[in-house]
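Comments concern the structure below.
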Amino acid sequence: MSGAPVLEVDGVEVTFPVNRPLLRPFGRPHSIKGVAGVSFEVKRGETFALVGESGSGKTTLARAINGLQPVSAGSVTFEGQRIDGLGRAEMKLHRRRMAMMFQDPIGSLSPRQTVGELVTEAFRIHGSEGRDMRAETARLLSLVGLPLDFADRYPHQLSGGQARRVGVARAIAFNPVLVVADEPTAGLDVSVQGEVLNLLNDLRERLGLAMVIITHNLHVVRHVADRMAVMYLGRFVETGKTEAIFSEPSHPYTAALLSANPEPDPDKARDRISLPAEVPSLLARPSGCEFHTRCPWAREICRSTPPPASERAGRVLTCHFPLGPGEHPPERIGL
Amino acid sequence: MSVLSVNGLTVSFTTDGGTLTALRDVSFDIPDQRIVGVVGESGCGKSTLINAILGLLADNGRIDAGSVLFQNDRELTRLGDSDMRALRGQRISTVFQDPMGALNPVLSVGHQMINVQYRSGRSKAEKIARAVEMLRKVRIPDADTALSRYPHQFSGGMKQRIAIAMALMMEPALLIADEPTTALDATLEVATIELLKELQRDIGCSVLFISHHLGVIAELCDEVIVMYAGEVVERGTTRQVFNDPRHPYTFRLLDCDPARQHQRVRHLPTIPGEIPDLRRRPEGCIFAARCHRVHYACMRTPPVTEVGNGHAARCWLAGNPETVKVTA
């Protein structure tokens, strides 16, 4: 691992306009913040996971990193160069080195192209530089563990796991330094999920990739990510080393997410932190700590004052009352 | 007593590539007031099983053999369309994965909740009262006013809870839940499972719960059926199957779940290979091609071996747990 980070995200915000003129007289905002100021960095050979529930801004952040979504504040630095706000042509140069794997393995492949065409599409976009397409197809398919005769197949002839492998092959065509994978295993069976994660891990080691993995599956994060960030309403509520967060979650939301993961063990004693189900709307962000509406530990100060970010042993946390080891909620709240 | 008793059910589909046997010799019981889970990966026949029970097989599908006996007196495979319609929604109801697909977007929630009671013989006022009562049970806030709202005005979790309320409105004997929590976030998923458990106890119905999520099955179900390529490879109580798997597939499937690995591993276990082409079902054991314990006997179809009280596996080695659990 070299010292300089491959990717540095600093205070990034992404806003979406809300075009509802009727709401304006009532003082509703004209825009909402999908990502509300997040910072992190990823080094070579490192895997960083973004975790959170639907609507927490994980995918928007990924799109902001690779320029598919304009950044309204903050900066994205890739290999030492600022890339936020770059034009299409300039961004194109960086996209070779920064690959994206989109959600939905089969849906993200054009149904009219063969696997061979799909894995070499990057060369048609970025220029083949005299490469032999047949040789490139063979190289990429073998890197992701697919037989060469798959080159003539169409996406509908692939299983979910095979389609994911094609997605990986597409992503690594230009030897990128960074891969951003959005839900790389969603919808896959457990036995196949392992194959895809093992493949990503192997490639990360062999090619020295930096990876950003977006997922809602915490069990996956534990095994693949070196560091992780838990997102809530577009902000990081807790960031740190994966193992440390798993063994001792400090933010109540992290603790609730971890405890909400059903384990395949019927004898496991369940000590669950249940949260009120309703996630606040981004149009009306809660005052104070934005998690207070669902937090079993919330006190008066949490309703009025936003908690500052604090750092402790490499862990960044935004909470007034971080949890101690194994701390349980004061009372149980149902749905 | 059993609410549903499936015996030797075999279902096939006529396709361009030949006859596809989607279910083969499937047998299991759903006892009264129990939650039975069906677990298996894509293509194992979970959905075909539901459709066969409900009489909703596609036109190219047919039941070749076997019986589906409901409450010990009605043979569902031979029931006429109108008798079947009288059962569905009343005695057997369903919740599907996508709550938006289950609710009509252009009708208010109340309208739909009153419609599903059309066979109840209740007055309009009683139907409304019942709808409000069910919405309260599934913890929809402001249940009275919720009736006049439309599905899009509710969040995903609330929509799924409304779908559950509608399914249980007529107090069915059997609720079939097909991956009802798969589309929900983790915190909502566990809340929905807890709610289902509570309602099941309340109403006293049985539940057939289909899922590929082993953790959810372990948490919710009393009994579990493991399916592979259209066959039941193992069944038993959840404890028996999860703590003492007797079929190599069950063992490997449990092993694959990253949630079972408490130590961080960089290389996750997998099951190499693919499910066989069901149009050309191989001779002998269906799992043989991917099994780490395969041996000569597997050329013949293994019998269902009873290994404990209600615990059975379709494997030659079922009686020999230590052998099953050796990894290659």
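In what follows, chains are A, B, ... by sequence order, proteins preceding strands, each numbered from 1.
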Using 0.5 Å steps for rounding, measure from the [atom1] atom of [X] to the [atom2] atom of [Y].
X: A:N198; Y: B:T270; atom1: CG; atom2: OG1; value: 6.5 Å
X: A:H216; Y: B:T187; atom1: NE2; atom2: OG1; value: 11.0 Å
X: A:E195; Y: B:L268; atom1: CD; atom2: CG; value: 11.0 Å
X: B:D257; Y: A:Q193; atom1: CG; atom2: CD; value: 7.5 Å
X: B:L188; Y: A:E53; atom1: CG; atom2: CD; value: 6.5 Å

Where does B:I217 contact chain A at under 4.5 Å (heavy atoms): side chain, backbone, both or neither?
neither

Selection from B:H267, B:H212, B:M158 maximising heavy-atom pairs under 4.5 Å formed with chain A
B:H267

Who among B:A259, B:G156, B:C256, B:C221 has the most heavy-atom pairs with chain A under 4.5 Å?
B:A259

Chain B: which of A:L257, A:N201, A:L197 shares the most heavy-atom pairs with it under 4.5 Å?
A:N201

Comparing A:T242, A:V220, A:V224 against chain B, the one with the most heavy-atom pairs below 4.5 Å turns out to be A:V224

pair B:E41-A:V190: side-chain heavy atoms closer than 4.5 Å:
yes

pair A:V279-B:S155: side-chain heavy atoms closer than 4.5 Å:
no

For B:P258, does its backbone N or O pair with a side-chain atom of A:H223 as donor and acceptor, under 3.5 Å?
yes

Check whether more than 12 heavy atoms from other residues, nucleotides or ligands sit under 6.0 Å from atom NZ of A:K241, and answer yes or no.
no

Take a 6.0 Å sphere around CG of A:D149 and say whether it holds more than 12 heavy atoms from other residues, nucleotides or ligands.
yes

Check [X] against [Y] and note the closest heavy-atom contact, atom names and distance.
X: A:P264; Y: B:F242; result: O-CD2, 3.5 Å
X: B:V190; Y: A:P262; result: CG1-CG, 3.8 Å
X: B:R290; Y: A:S191; result: NH2-OG, 4.3 Å

Name the region of A:S259, side chain, backbone, both or neither, that has any atom closer than 4.5 Å to a heavy atom of chain B.
neither

Charged N-O contact under 4.0 Å between A:D265 and B:R260:
no

